[in-house]
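Counting starts at 1 for both ligands and their atoms, in listed order.
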Amino acid sequence: MGYAEVSVNSPIAQRRTFSYAIPSGLSINVGQAVWVPFGDKLLQGIVLELTDCPSVEETKEIAGVIESHPLLSPPQVLLARWLSEHYLSPLFDAVALMLPPGFERKVVTFISIPPTPHQHYISSLPREQGQVIELIQKRNRVSLKNLEKVLGKKRSQAVVSQLVRRGLAVRSYEPEPIRVGPKYEHYLTLKVSASEAQQEVAKLRKRGAIKQASLLNLLAQQHKAVPWAEARQRVNCNKTVANALVNKGLAELQQIEVKREPISYQGITQSEPLNLTAAQISALRSIQSSLSKTAERRTPPAVFLLHGVTGSGKTEIYLRALAEAVKLGKRGIVLVPEISLTPQTIERFASRFPHKVAVLHSKLSLGEQFDEWQRIRNGEFDVVIGPRSALFAPISDLGLIVIDEEHEWTYKQPDKSPRYHTRDVAINLAGLTGAVVILGSATPDVETFYHAQRGDYRLLQLPERVTPREGSPLPQVEIVDLRDELKAGNRSLFSRALSQAIAKAVAGGEQVILFLNRRGGATFIQCRSCGFILRCRRCEVPLTYHSVEDTLVCHQCNYRIPVPQVCSRCSSNRIKFLGVGTQRLEREAGYTFPQAKLLRWDSDITRGKHSHQEILSKFRTHQADILIGTQMVAKGLDLPLVTLVGVVSADTSLNLPDFRAGERTFQLLSQVAGRAGRGTLGGQVIIQTYSPEHYAIQAAAKHDYASFYDKEIAYRRQLHNPPFTRLACLTYSHANDTLCQKEAERMKRLLIEERDSKGIAGLSLIGPAPAFIHRLRGRFRWQLILRGAEPSAFLSQIPVPKGWVVDIDPVSLL
Ligand code: ADP
Ligand code: ZN
Ligand code: ZN
């Protein structure tokens, strides 16, 4: 008898598999989804291994298969194991990343007659059993739910068990269906001949029914059904006009099912490869050679770091490398940060590979995601594009993985197990499948660059922008010291230099972006008498002022209070708004530059599905002169009319208590600066700060990645931070602060004991300390940081009690 090692969808299962016997007659493969008995429940599981000897003496049998085809490929099974081991996550959490959208569903039990039923006479059966058999015979099978309606819950389960024991019935299991209906659209068709229609058109015109006449005329000229949405737009009429034609028997309005396609190819024409620059040619050559050598299995696949300033033509390299992979009979995955997955980005790929690009992301409906996943599995696409989760798409013949903006923190899954880093997982998957990896960035992660310097990755550089004027310079960056402004008596948000530059740009018909590393109104309020800052009672973070509702809001837990009249500590009424938010910036820009049209873009107003794009296209079509925004304005936009970018304050990100604050600031400033001068008009950037001498700001101003990297890597080495060590961040949360602290201290002692008894060198513990966000949703949080060569391997040997969250290779310590 064969056995299967199954990863079971239960929180108890943790990082292990369970052995199940494979019933004779059932064909089971690795990667297949099955039903397994677990305790007194029936649960979903995925087969990870087939074996002849089970890991325990007593095994239960697999109850049934969920889908006849395996859902995970063999490399994905190995990848899931690695994810669980490295990130110390439950195995099923890792497996679940690769399952079809909506896979985790409730079980529906069906009862049917077995293929070779025992001979019986219904009349000889007890009454209820006979009743059930009759029901099944009528409909082939019935769900247990339906039986329960007839016999009640207890009785129907008992009767079914009796029938199954007698061999008169069998149970089977299916996940309940995904509740998504097909999508319909209204279509209009002509019900009379075209010539009859034309006569009617003339009559309608005579009677003055102009709209009806034009709609009918439109239908008469088309030889097929016309989508109502299109007709309504072209004729500029409403539904009553269409209904009038329908009532006269001239037309028919029908609902027709349409296939969901996340990419609309309407208006997308195939784009041709560009003539590459010398730098692009040399980068592409290296990638090409690795792709073909890997395809012939002459070398293991390579990881490339494509370091190129914004606008240097990295995307063109991705497109060419993908085309190359496709030529070799392979397919590719392109990962982009969620925020850059704009229609613009998708279009660039879709137009080069028409109808061969799949998109996967969370803003699609579950139905769309499910359809797209199935079509990827059927091999209908050459390229899958999406945010980090697209890495787990069921794509076969994987030849290339591209990670654009590889330095982005959003590549780390933040708040859900497994807390994986997309880059590291991609490199692992590439090793398992033989795919080449391209990591692209203008400001590579310091750790990535270190690996490229050491030769672990191969470094490709595109040092210059591809612009209409070859080699045109990057924008001029000016640093303004805000301390000087205060001395000169300027208390406005705009330094003299920035305000002159804005006025000049707007007067010249050019566009301006103002960047702020925050959102909300004046972000916190402070008492001018005693310095008290109002904080959330539950989370301790400063409350943010929202001028629209005139309330204070906690951005951790949504706690809200009205703005107080007096200070709650000293009763002074000198409560003053401090800090700057996009709303205040908008207001101040409004009265400083009354002639300019303003547009605000931050996450407060872009919660909807399309508003990103709406705001962007408004700005692109020059319906506004100044765009005010947070992080979002920094990413990947290509706006040729923008000649000036103002960074209102560079200091907020610099002063965060995290060793990566400098890197973060450098990346942000470089990206923001990259927004200026994308067109022929050139560009200028002004950075306002209270710390103008900081190396991150200095290097960003000179577009000098190398000098930033040299300083930063020296600090990392000196302070034993990654890439010279690896980190694990352990967070414990509890409603009682003292208890929380005690548990964190107990854990520290336990870890030190373990370390010392095993004699592991070079493993240090930092903390415990209250987390930067000390209180979250009413619970206190204490943190321990483990630093060493392999904290994950060390921790895997230690049972981590409930209440602890372990983050391996954290990207943020806040
Ligand atoms: P990046 O991805 O590095 O920011 P892009 O690939 O977006 O750069 O290129 C910037 C602009 O230059 C785009 O408009 C792109 O179409 C154009 N471009 C890229 N490569 C070439 C080339 N070889 N010849 C002409 N234009 C190019
Ligand atoms: Zn006070
Ligand atoms: Zn709160």
Discussion item. Please determine whether a side-chain nitrogen of the Lys or Arg among R423 and E447 lies less than 4.0 Å from a carboxylate oxygen of the Asp or Glu.
Written reply: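 Salt bridge flag = no for E447 with R423.
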Worksheet item: Taking NZ, NE, NH1 and NH2 as the nitrogens, is one of them in R726 or D809 under 4.0 Å from a carboxylate oxygen of the other?
Response: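 Looking at D809 together with R726, the answer is yes, because their closest N to O distance falls below 4.0 Å.
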Practice prompt. Classify the ring geometry between Y411 and H421 as parallel (under 30°), tilted (30 to 60°) or perpendicular (over 60°).
Written response: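 The rings of Y411 and H421 sit tilted, inter-plane angle from 30° to 60°.
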Worksheet item: Judging by distance only, is a nitrogen or oxygen of G313 under 3.5 angstrom from one on ligand 1?
Response: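 Looking only at distances, the answer is yes, because the N/O contact criterion of under 3.5 Å is met.
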Worksheet item: Does the separation of the ring centres of Y87 and W82 fall below 6.0 angstrom?
Response: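 Close enough - the centres of the two rings lie under 6.0 Å apart.
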Discussion item. Determine whether the aromatic ring centres of residues Y705 and F449 are separated by less than 6.0 angstrom.
Written reply: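 For F449 and Y705, the ring centres are under 6.0 Å apart.
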Discussion item. Can you tell me if K412 has over 12 outside heavy atoms packed within less than 6.0 Å of its NZ?
Written reply: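 Above 12, so yes.
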Practice prompt. Considering the heavy atoms of T277, write down every atom of ligand 1 situated less than 4.0 Å from one of them.
Written response: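 Those of ligand 1 that fall under 4.0 Å from T277 are 23 (N).
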Which segment of [X] sits under 4.0 Å of ligand 1 when only heavy atoms are counted:
| X | value |
| --- | --- |
| N275 | backbone |
| L274 | side chain |
| V309 | backbone |

Worksheet item: Quick one: which of Q280, R348, R320, E405 has a heavy atom closest to atom 6 (O) of ligand 1?
Response: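 The residue whose heavy atom sits nearest atom 6 (O) of ligand 1 is R348.
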Practice prompt. Please state whether S312 comes within less than 4.0 angstrom of ligand 1, counting heavy atoms only.
Written response: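 S312: in contact with ligand 1 (<4.0 Å).
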